[in-house]
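Notes follow the structure.
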Amino acid sequence: MEIWLAPFAAMFTQPTWLNAVALATGAVLCLNRRTVCSALRAVDGASDKGFSRFHRFLSRGVWSGLQGSRILLGLLVKAFVPDGQPLVVGVDDFIERRRGGKIRDKGIYRDPVRSSRGFFVKVEGLRWLSFQVLARPGFARRTWGLPFLTVLCPSERANAKRKRRHQTLPEKAIGGMRLMARWLPGRLLVMVGDGAFASLEVFRRLKDRAVCVARCRMDARFFNPPPPRKKGQKGRSRILGTRQLTPKTRAVRKATKWAHMTVPGWRTKDGSMDRDVDVATGTALWNSHAMTVPVRWVLTRDPTGRAETRAFVCSDPQRTALDILTWYAMRWAVEVSFEETRRHLGVETQRQWSDLAIHRTTPLLLGLFSLVTLWASELAERAGKLPVLGAAWYKNPDPTFSDGLAAVRRTLWAEEAARPILWRDDFPTWRSRPRTAEKPRPLQQRLTELMSYAA
């Protein structure tokens with residue numbers, strides 16, 4: 001684990017680094033709640049009387065999570081995004097269901113998991129905005145969403161109570177993408193979001209830093225370019241031409257020209273990885289509230305008639321409809337990552353009350369999802385493949401996150417079982433040292449014990 005986490009060692013002092021390794025190991029091996037105490041029990045640290053330093057690691061430790069996000073992003077890009085390829089980033093929010101009088105940034109939101117179009121469920125908790133690298137690991141066939149930066153979005157009431165300026169989700173997304181543009185200069189960035197990020201403000205402010213793709217409303221206001229200025233014309237030049245049809249009207253119009261297209265990576269209900277759609281596309285000026293942005297719009301229709309007609313916009317009019325739909329199809333991996341972190345990494349089970357610990361724990365668990373994927377990819381490359389847990393009723397050859405987590409756990413368990421003598425005495429580990437220093441054993445004796453165990 002220390003070798004795997006070595007890129008992050010510069011963030012901590014030596015004592016804090018050992019505590020970080022211990023908590024990371026415990027969070028991976030833990031099978032229940034991801035509290036600090038549960039993580040210590042997972043690594044046989046229940047007898048450690050200095051356990052309070054692990055709580056202080058989250059609530060009072062002087063280290064930067066933003067620096068860790070930058071290091072993690074570099075590792076993900078190096079491992080899964082080849083040079084010359086655009087870096088596709090999925091941006092989405094999720095609700096961490098938390099209750100308690102000492103959690104000051106919580107709010108009441110619509111639960112996207114339990115709600116539907118005809119059923120509305122409210123939930124109390126914390127809203128997070130997650131930035132994830134959308135890429136395909138070497139051992140998988142589908143796209144994975146790998147979180148590297150997670151930002152807390154307090155409710156408007158919480159910000160008003162603490163006298164802070166409220167920032168909306170699009171504003172948080174703009175700040176995160178600008179930060180990525182500074183971290184990766186010269187790299188083509190593609191931001192993919194749902195309808196919450198189909199904002200003219202987002203498209204306008206990120207025009208020179210990233211290509212934005214989002215699903216838009218069916219009544220969006222699209223216009224043609226303005227006509228050329230005539231000789232001798234008085235007054236200011238027009239900024240908009242004639243208005244185009246709305247996507248809703250264009251979808252039912254018989255004169256609309258549709259082209260049949262197969263979108264790769266768009267998972268359907270029958271489990272296939274490709275989807276056939278009818279596509280209509282064009283360029284326009286997207287206008288609203290005195291803001292205008294040139295975009296390419298894409299209208300999709302299901303040939304079978306079972307799925308609804310949808311409209312998408314892209315801030316780069318030169319991109320093709322296939323590129324736009326392929327990028328948007330990768331966005332569904334974000335929802336899978338949220339569910340996997342809840343099920344296997346215990347998101348929503350942590351119980352911190354300190355503001356700083358709350359701001360750190362959930363981003364760390366989401367980042368651990370990406371780290372486990374990196375380590376599983378390394379193990380799969382070393383062994384040739386990643387073992388897949390199957391059953392008579394489940395024969396999916398494609399590894400999932402639970403298979404990668406199982407491979408990492410087996411590696412850690414095997415390492416601990418293979419070094420019962422060296423674990424406590426001969427290597428600097430996270431465990432607190434005894435009050436009275438033990439007499440060091442001779443080198444020959446230690447080598448003899450190691451050779452006898454290896455034999």
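Sequence positions, counted from 1, serve as the residue numbers for this chain.
Not a single side chain to side chain donor-acceptor pair (under 3.5 Å) links Ser69 to another residue, sequence neighbours left out. Qualifying ring pair (Phe, Tyr, Trp, His ring centres under 6.0 Å) partners for Trp353, counting only residues two or more places apart in sequence or in other chains: none.
The ring of Phe148 has its center no closer than 6.0 angstrom to the ring center of Trp183. Checked against the 6.0 Å centroid threshold, Trp17 and Phe8 do not count as a close aromatic pair.
Heavy-atom neighbours of Arg60 CZ from other residues, nucleotides or ligands within 6.0 Å: at or below the threshold of 12. Annotation for Gln67: atom CD counts as buried by contact number, over 12 foreign heavy atoms lying within 6.0 Å.
Using a 3.5 Å distance cut-off with no hydrogens or angles, the side chains of Thr362 and Gln350 do pair a donor with an acceptor. Between Arg53 and Asn19, the side chains place a donor N or O and an acceptor N or O closer than 3.5 Å (distance only, hydrogens not considered). With hydrogens and angles left out, the side-chain atoms of Asp274 and Thr262 include no donor and acceptor closer than 3.5 Å. Side-chain polar atoms of Thr320 and Asp323 form a donor-acceptor pair below 3.5 angstrom.
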Does the side-chain hydrogen bond (donor to acceptor under 3.5 Å, both in side chains) test come out yes or no for Ser370 and Thr373, once each step is laid out? CA-CA 5 Å; Ser370 302; Thr373 306; 5.9 Å; no
Report the C-alpha distance between Trp286 and Phe203 in whole Å, list the side-chain angles of each, state the deciding distance to 0.1 Å, and finish with yes or no for ring-ring contact (aromatic ring centres under 6.0 Å, His included). CA-CA 10 Å; Trp286 189 17; Phe203 279 49; 5.4 Å; yes
Gln14 and Leu18: side chain to side chain contact (heavy atoms under 4.5 Å, CB included), yes or no, with the steps? CA-CA 6 Å; Gln14 180 64 21; Leu18 299 179; 3.9 Å; yes
Asp105 vs His359, side chain to side chain contact (heavy atoms under 4.5 Å, CB included): CA-CA, chis, key distance, verdict: CA-CA 10 Å; Asp105 292 327; His359 293 181; 3.1 Å; yes
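Within the 4.5 Å cutoff, the side chain of Val211 has no heavy atoms near those of the Met191 side chain. When side chains are defined from C-beta on, Leu345 counts as touching Arg34, because their heavy atoms get closer than 4.5 Å. In this structure, the side chains of Arg136 and Trp144 stay at 4.5 Å or more apart for every pair of heavy atoms. Counting heavy atoms from C-beta outward, Arg104 and Ile358 have side chains that stay 4.5 Å or more apart. Looking at Phe94 and Leu366, their side chains come closer than 4.5 Å, going by heavy atoms from C-beta outward. Val388 places none of its side-chain heavy atoms less than 4.5 Å from the side chain of Asp398. In this structure, the side chains of Arg209 and Met177 stay at 4.5 Å or more apart for every pair of heavy atoms. Counting only heavy atoms from C-beta outward, the side chains of Pro247 and Met218 approach each other to under 4.5 Å.
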In a table with atom names and distances, give each donor-acceptor pair under 3.5 Å that connects a side chain of residues 118-131 to protein atoms at least two apart or in another chain.
| from | atom 1 | to | atom 2 | distance (Å) |
| --- | --- | --- | --- | --- |
| Trp128 | NE1 | Glu96 | OE1 | 2.7 |
| Ser130 | OG | Gln132 | NE2 | 3.2 |

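Atom CE of residue Met1 and atom CG of residue Leu371 lie 8.5 Å apart, to the nearest 0.5 angstrom. To the nearest 0.5 angstrom, Phe51 atom CZ is 9.0 Å from Leu40 atom CG. Distance OG/Ser354 to CD1/Ile103: 11.0 Å, rounded to 0.5 Å. The CG atom of Leu189 sits 5.0 Å away from the CE atom of Met180 when rounded to the nearest 0.5 Å.
Between Arg342 and Glu348 a salt bridge is recorded (basic side-chain N to carboxylate O distance below 4.0 Å). Between Arg162 and Asp355 a salt bridge is recorded (basic side-chain N to carboxylate O distance below 4.0 Å). Salt bridge absent: Glu340 and Arg343 never bring a charged side-chain N and a carboxylate O closer than 4.0 Å.
His344 and Phe401 have tilted rings, their planes meeting at an angle from 30° to 60° on a 0 to 90° scale.
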